[in-house]
Amino acid sequence: MPIKLNALPAVPRWAALTAHAVPFVVLPAGLWRLALAFGLPVVKSGSRFADPGPGLVAYMVGLTVVSELLAFLTLGLVRNWGEVFLGRRVNPRAAAGAALAGAVGLCALGGWSAYAEYAALGDVTAMTAGQSALFYGCYLLLAAWPPLLAAVAVAYYRRRTAPATGRGRGKGGGAQ
């Protein structure tokens with residue numbers, strides 16, 4: 001039994017599946033941040049992060065909410081609200097450009113995070129081996145976000161800017 005996706009008919013199935021996967025790729029890192037914010041033992045008890053103050057808690061909750069909302073925007077590249085928003089046609093170059101800029105920004109953040117981890121710029125004694133495994137299990141999934149977003153953005157741009165040939169591309173075509 002195939003999975004039913006709420007995507008436009010002209011959207012390739014792989015693009016719809018990819019767009020729907022993005023929020024789930026981002027979710028584990030957010031759950032880890034929320035666990036840390038609300039005092040679950042995801043770092044050592046003596047660590048400076050073990051008892052975050054209200055400012056750090058607000059930051060972690062806010063980052064989690066913003067990250068997940070940005071991940072959900074990927075669905076706009078395969079659904080109707082990514083083509084017509086508030087009664088106006090969405091410019092495909094603007095939408096795809098914003099998505100690709102987001103993918104580049106995520107790559108830059110990921111690169112910086114990898115460098116910071118390699119250079120031990122953070123508190124390297126903050127986690128036990130099990131806590132580190134949980135952390136990396138949650139955060140390594142984020143490495144998939146930029147390429148998934150870029151792939152869906154390119155598919156969106158190609159679908160929205162291709163001339164209508166009657167073979168599934170353009171405004172009125174069916175599935176590719």
Side-chain angles (χ1 to χ4, degrees), residues 1-37 58-118 135-176:
M1 178 177 186
I3 298 170
K4 182 171 175 5
L5 301 172
N6 291 330
L8 293 168
V11 173
R13 183 158 177 79
W14 70 263
L17 286 169
T18 302
H20 283 80
V22 169
F24 293 107
V25 165
V26 176
L27 185 61
L31 293 175
W32 186 91
R33 280 190 300 272
L34 292 176
L36 178 62
Y59 168 75
M60 289 187 282
V61 170
L63 179 59
T64 299
V65 169
V66 168
S67 297
E68 206 58 45
L69 288 174
L70 289 172
F72 273 108
L73 283 178
T74 309
L75 295 174
L77 300 172
V78 299
R79 293 197 178 168
N80 186 49
W81 54 270
E83 295 189 10
V84 178
F85 187 70
L86 298 176
R88 296 186 58 149
R89 184 171 154 76
V90 174
N91 181 330
R93 284 191 174 143
L100 290 172
V104 168
L106 289 168
C107 283
L109 283 171
W112 169 254
S113 296
Y115 167 73
E117 183 68 22
Y118 176 76
F135 173 81
Y136 288 119
C138 291
Y139 268 85
L140 284 176
L141 284 173
L142 285 178
W145 190 4
L148 295 177
L149 176 57
V152 176
V154 169
Y156 171 88
Y157 182 78
R158 290 184 66 205
R159 178 175 52 83
R160 293 285 312 280
T161 60
T165 62
R167 295 187 325 176
R169 295 189 69 161
K171 287 194 255 180
Q176 293 181 6

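Note that the structure is predicted; figures quoted are calculated from it, not measured. All heavy atoms count here, side chains included; hydrogens, waters and symmetry mates do not.
For the ring-ring contact (aromatic ring centres under 6.0 Å, His included) condition, no pair includes a residue of residues 73-94, sequence neighbours left out. Residue pairs meeting the side chain to side chain donor-acceptor pair (under 3.5 Å) criterion with at least one partner in residues 25-35, sequence neighbours excluded, are Arg33-Thr64, Arg33-Tyr139.
Among residues two or more places apart in sequence or in another chain, the ring pair (Phe, Tyr, Trp, His ring centres under 6.0 Å) test is passed with Tyr118 by none. Listed by chain and residue number, nothing satisfies the side-chain contact (heavy atoms from CB on, under 4.5 Å) test with Leu109 (two or more places apart in sequence, or in another chain). In this structure, the side-chain contact (heavy atoms from CB on, under 4.5 Å) partners of Val154, at least two apart in sequence or on a different chain, are Leu100, Arg158. Shown here are the side-chain contact (heavy atoms from CB on, under 4.5 Å) partners of Ala144, two or more places apart in sequence or in another chain: Val25, Leu148. Contacts of Thr18 classified as side-chain hydrogen bond (donor to acceptor under 3.5 Å, both in side chains), with partners at least two apart in sequence or in another chain: none. Residues passing the side-chain hydrogen bond (donor to acceptor under 3.5 Å, both in side chains) test with Tyr59: none are found, sequence neighbours excluded. Checked against side-chain contact (heavy atoms from CB on, under 4.5 Å), Leu27 has the following partners two or more places apart in sequence or in another chain: Leu31, Glu68. Considering only residues two or more places apart in sequence or on other chains, Tyr136 meets the ring pair (Phe, Tyr, Trp, His ring centres under 6.0 Å) condition with none of them.
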Worksheet entry | Worked verdict on Val26 versus Leu142 for side chain to side chain contact (heavy atoms under 4.5 Å, CB included) | CA-CA 6 Å; Val26 176; Leu142 285 178; 4.2 Å; yes
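Closest heavy-atom contact between Val152 and Ala19: CG2-N, 3.8 Å. Across Cys107 and Pro146, no two heavy atoms sit closer than the pair SG-CB, 3.5 Å. In plain terms, the two heavy atoms of Ala153 and Ala99 that are nearest each other are CB-CB, 3.6 Å. Tyr157 and Pro92 make their closest contact through CD1-O, 4.0 Å (heavy atoms, listed as atom of the first residue, atom of the second, distance).
Between the Arg160 side chain and the Val90 main chain, a donor and an acceptor come within less than 3.5 Å of each other.
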Under 3.5 Å, side-chain donor or acceptor atoms of residues 70-79 against the rest of the protein: list the pairs with distances, not counting sequence neighbours.
from: Thr74; atom 1: OG1; to: Ala71; atom 2: O; distance (Å): 3.0
from: Arg79; atom 1: NE; to: Asn6; atom 2: O; distance (Å): 2.7
from: Arg79; atom 1: NH2; to: His20; atom 2: NE2; distance (Å): 3.0

